[in-house]
Novice: 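Questions regarding the structure given below will be posed in turn.
Chain identifiers are assigned alphabetically (A, B, ...) following the order of the sequence lines, protein sequences preceding nucleic acid strands; residue numbering begins at 1 within each chain. Values below: every heavy atom of this structure, side chains too, minus hydrogens, waters and symmetry copies.
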Number of protein chains: 2
Amino acid sequence: MDIAQKLRSEGFKVTPQRIAIYNVLYGQNDHPTAEMIYQNLRKEYPTMSLATVYKTMEIFERIGLVKVLDMGDDCSRYDWDTHNHPHLRCTQCNRVEDLDGIDVEKIQADVERLSEYRVTGQQLAFEGICPDCLRRESH
Amino acid sequence: MDIAQKLRSEGFKVTPQRIAIYNVLYGQNDHPTAEMIYQNLRKEYPTMSLATVYKTMEIFERIGLVKVLDMGDDCSRYDWDTHNHPHLRCTQCNRVEDLDGIDVEKIQADVERLSEYRVTGQQLAFEGICPDCLRRESH
DNA sequence: TTAACTGCAAATCCTTTGCACGTTG
DNA sequence: CAACGTGCAAAGGATTTGCAGTTAA
């Protein structure tokens, strides 16, 4: 099911803005902020507004089309890949990356067992220095 | 080493406000927000200001006396227990709790191996429904 | 004594909201 | 055509900052 169908099936309308915003997000792997998405779209849609980006993201989050990330740098970042996985932010170049290979299901099961919570969400955020910046540092 | 000594050894002055703020934090296990600490202290220190709480927390964080938590509810929470451990927030009563028993060192080592980052910080935040609220729900 | 700290008020930054106009279904 | 969406501007809320008066060392 593509975004247009997903939106309609959840009772939302399909607009050029929503499609464009999703495409920006989907096309890159950089976990952009609302501002980054907005700047990216201004060229093509001169009337695009930041408010529309935020409103769209709220809908996308609600219907499971994006995951909102708190990476500890005072603004939300968005990920089109909504399966649970950890993220890393480089404190030097500020990039945010996905990390595969961690068994998040096991961690969540452990958390449920140890806490007796019914866990409904998780945010595994790491910060550090990325390989590129480490290399740059050693010169 | 107590807070007074720690502050002095790091070149900061020891003030009644700083001691009071630390004591509020240390005395309870509720991971309070700046606002909660401020409200808690107004009785005893009528002139206490929110700005002082924030400025104090910044210093405490810098010298390793507190850990700042992002629990996804739009405001920072503070934890006097700075050893790495996961936190849980109940989405119904909004409490934030510590969780012991997860091997965070192993997770961090896995993250470093898989990503090749030098990891300097981590934030393991879970949300869900706490045992009390689950019980309340089932009535 | 003096460098640091406090606390008020104002500023800042991200995000949300109100509303008139435009668009989708 | 009725409900929903857009985009501007203004509001909101957490946090930070400037600064004059106060305090720790």
Novice: Round to the nearest Å and state the distance from A:Met48 atom CE to D:dG5 atom P.
Specialist: 15 Å

Novice: Rounded to the Å, how far apart are B:Tyr22 OH and C:dC5 C1'?
Specialist: 20 Å

Novice: If I take atom CG in residue A:Leu50 and atom P in nucleotide D:dA10, what distance separates them, rounded to the nearest angstrom?
Specialist: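 My rounded result for the distance is 16 Å.
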
Novice: Out of C:dT6, C:dT15, C:dT24, which has the shortest distance to the side chain of A:Cys75?
Specialist: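 Closest nucleotide to the A:Cys75 side chain: C:dT15.
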
Novice: Among B:Leu124, B:Leu99, B:Asp70, B:Asp98, which residue satisfies the side chain to side chain contact (heavy atoms under 4.5 Å, CB included) criterion with B:His87?
Specialist: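 Running side chain to side chain contact (heavy atoms under 4.5 Å, CB included) over B:Leu124, B:Leu99, B:Asp70, B:Asp98 with B:His87 returns exactly one hit, B:Asp98.
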
Novice: C:dG7, OP1 or OP2 - any side-chain N/O from B:Gln17 closer than 4.0 Å?
Specialist: yes

Novice: Nearest whole Å is fine: how far is C:dT15 P from A:Leu69 CG?
Specialist: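 To the nearest whole Å, that distance equals 12 Å.
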
Novice: Could you pull out the closest heavy-atom pair between B:Ala4 and B:Val14, with the gap in Å?
Specialist: O-CG2, 3.5 Å

Novice: In whole angstrom, what separates A:Glu10's CD from D:dA3's C1'?
Specialist: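 In whole Å, D:dA3 C1' and A:Glu10 CD are 18 Å from each other.
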
Novice: What residues in residues 51-68 of chain B put a non-hydrogen atom under 4.0 Å from any atom of DNA chain D?
Specialist: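 When residues 51-68 of chain B is checked for heavy atoms under 4.0 Å from DNA chain D, the hits, listed by number, are B:Ala51, B:Tyr54, B:Lys55.
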
Novice: Flag the pair B:Asn40 / B:Met36 as yes when at least one side-chain heavy-atom distance between them is below 4.5 Å, and no otherwise.
Specialist: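 A side-chain contact is absent here, since even the closest heavy-atom pair is not under 4.5 Å.
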
Novice: Starting at the 5' end of DNA chain D, which residue's closest nucleotide do you reach first, B:Lys13 or B:Ala34?
Specialist: B:Ala34

Novice: Let me know the distance between CZ of B:Arg77 and P of D:dA14, rounded to the nearest Å.
Specialist: 12 Å

Novice: Which whole-number value in Å describes the distance from B:Leu41 CG to C:dT6 P?
Specialist: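 Taking atom P of C:dT6 as the reference, CG of B:Leu41 is at 12 Å.
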
Novice: Please tell me if the side chains of B:Arg62 and B:Ile59 come closer than 4.5 Å, counting only heavy atoms from C-beta onward.
Specialist: yes

Novice: Taking OP1 and OP2 of C:dT6, is either one under 4.0 Å from a side-chain nitrogen or oxygen of B:Arg18?
Specialist: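 Affirmative; the distance criterion is met.
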
Novice: Does a nitrogen or oxygen in the side chain of B:Thr47 sit under 4.0 Å from OP1 or OP2 of C:dG7?
Specialist: yes

Novice: Taking atom CD of B:Glu116 as the centre, does the number of heavy atoms from other residues, nucleotides or ligands within less than 6.0 Å exceed 12?
Specialist: no

Novice: Give the rounded distance in Å between these two atoms: CG of A:Asp74 and C1' of D:dG13.
Specialist: 14 Å

Novice: Any side-chain heavy-atom pair from A:Lys6 and A:Glu10 closer than 4.5 angstrom?
Specialist: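 They are in contact (side-chain heavy atoms under 4.5 Å apart), so the answer is yes.
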
Novice: The test is side-chain hydrogen bond (donor to acceptor under 3.5 Å, both in side chains); show your working for B:Gln108 and B:Glu112 and say whether it passes.
Specialist: CA-CA 6 Å; B:Gln108 178 157 331; B:Glu112 290 201 306; 4.7 Å; no

Novice: Does a side-chain N or O of B:Ser76 approach OP1 or OP2 of D:dA14 to a distance below 4.0 Å, or not?
Specialist: no

